[in-house]
Amino acid sequence: MTALRPVVYDAGMLIAAERSRTKVWRAHRAYLTAGGVPQVPAAVVAQVWRDGARQARLAQLLKGCDVAVMDETAAREIGELLALAGTSDPVDGAVAVLAVRQGAAIATSDPDDIRHLLDRLGTRGKLVAVQQV
C-alpha cells in the first residue's frame, strides 16, 4: 500500500471552497476519505478569514485541515525564498515552504506564482506537484 501524499491548500483553494465549488469539495472529501489531512499555513487562513458568521463553508473546510503555525525558522526561510524569487507575498512563500518541508502537493488557484517560488528552491521544489483548483 502506498502512502497518501500530503497536500497543502493555498488561499485559492479556501476561497473556492467558500464559494461552494463542487470540484473542490469533491476533491477535499476524497482526500479526507482516503485518510489524508490537508495542511493550511496559518497565513493562508489570515488572508481569507473575514467574518466567521458569514464563512460557514470555509469554517467547515478548515475543520478537516491542520492549520500549520509559522515559527521563526520558517519565517526566515520564507523571507529568504522571497528574496531569491524577487517577490513579496509571504503567504505564497508559506505555502511553498510548507509543501517542500512536508513533501506535499499544493492545491492552488495560481500555479504560476507557486511554481516560480518552488523553482527557486532547487531540487526540493521540483519534487512538489502543483494542482490547479
Side-chain angles (χ1 to χ4, degrees):
M1 178 192 231
T2 53
L4 188 60
R5 185 173 192 177
V7 68
V8 174
Y9 290 170
D10 84 342
M13 179 70 173
L14 273 60
I15 291 166
E18 184 177 19
R19 292 178 179 164
S20 298
R21 299 271 164 78
T22 304
K23 176 183 170 185
V24 166
W25 278 101
R26 208 174 280 141
H28 177 67
R29 287 188 187 112
Y31 190 71
L32 293 174
T33 300
V37 179
Q39 303 289 307
V40 181
V44 169
V45 177
Q47 188 175 42
V48 301
W49 192 265
R50 294 295 177 265
D51 180 0
R54 294 182 173 193
Q55 292 181 298
R57 298 290 289 168
L58 178 56
Q60 180 183 359
L61 181 95
L62 289 171
K63 284 182 185 177
C65 300
D66 278 342
V67 176
V69 298
M70 182 189 315
D71 62 14
E72 182 179 353
T73 302
R76 289 178 184 215
E77 187 175 352
I78 292 164
E80 290 170 3
L81 172 59
L82 296 177
L84 280 172
T87 63
S88 62
D89 185 347
V91 177
D92 282 352
V95 169
V97 166
L98 180 60
V100 166
R101 285 180 167 191
Q102 299 286 325
I106 298 173
T108 179
S109 62
D110 198 351
D112 293 337
D113 283 355
I114 293 294
R115 181 53 57 202
H116 175 73
L117 291 168
L118 292 170
D119 287 346
R120 298 313 172 275
L121 292 170
T123 305
R124 297 180 315 147
K126 294 194 183 321
L127 297 175
V128 174
V130 178
Q131 304 162 347
Q132 186 165 5
V133 294

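This is a predicted model, so every value here is computed, not measured.
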Test item: Met13 and Val24 side chains (from C-beta on) under 4.5 Å apart, heavy atoms: yes
Pairwise side-chain contact, Val95 with Thr108, heavy-atom cut-off 4.5 Å (strictly under): no
Which atom of Pro111 lies closest to which atom of Val130, heavy atoms considered: CB-CG1, 3.6 Å
In one Ile/Leu/Val/Met/Phe/Trp/Tyr side-chain cluster, 4.5 Å: Val100, Leu127: no
For Tyr31 against Pro6, the heavy-atom pair lying closest together: OH-CA, 3.1 Å
Tabulate below the donor-acceptor pairs under 3.5 Å that side-chain atoms of residues 77-87 make, not counting sequence neighbours, or state none.
unit_1, atom_1, unit_2, atom_2, d
Glu77, OE1, Arg101, NE, 3.3
Glu77, OE1, Arg101, NH2, 3.1

Nearest heavy-atom neighbours spanning Ser109 and Gly12: OG-CA, 3.3 Å
Separation between CZ of Arg19 and CH2 of Trp25, rounded to the nearest 0.5 Å: 14.5 Å
Separation between CG of Leu61 and CZ of Arg29, rounded to the nearest 0.5 Å: 9.5 Å
Ala105 to Arg5 - nearest heavy-atom pair and separation: N-NE, 3.7 Å
Minimum side-chain heavy-atom gap Leu118-Ile106 below 4.5 Å: yes
Same apolar cluster: Val48 and Val67, side chain cutoff 4.5 Å: yes
Non-hydrogen atoms of Ala43 and Met70 that approach each other most closely: CB-CE, 4.3 Å
Single-linkage hydrophobic cluster Val37~Val133, side-chain heavy atoms < 4.5 angstrom: no
Any side-chain heavy-atom pair of Arg115 and Asp112 under 4.5 Å: no
Straight-line distance of Gln55 CD to Arg50 CZ, nearest 0.5 Å: 8.0 Å
Min side-chain heavy-atom separation Val8-Pro41 under 4.5 Å: yes
Check: Arg57 and Ser20 side chains under 4.5 Å, non-hydrogen atoms: yes
Heavy-atom pair with the smallest gap, counting every atom of Gln39 and Ala68: OE1-CB, 4.4 Å
Validation row: Tyr9, Val44 side chains within 4.5 angstrom (heavy atoms): no
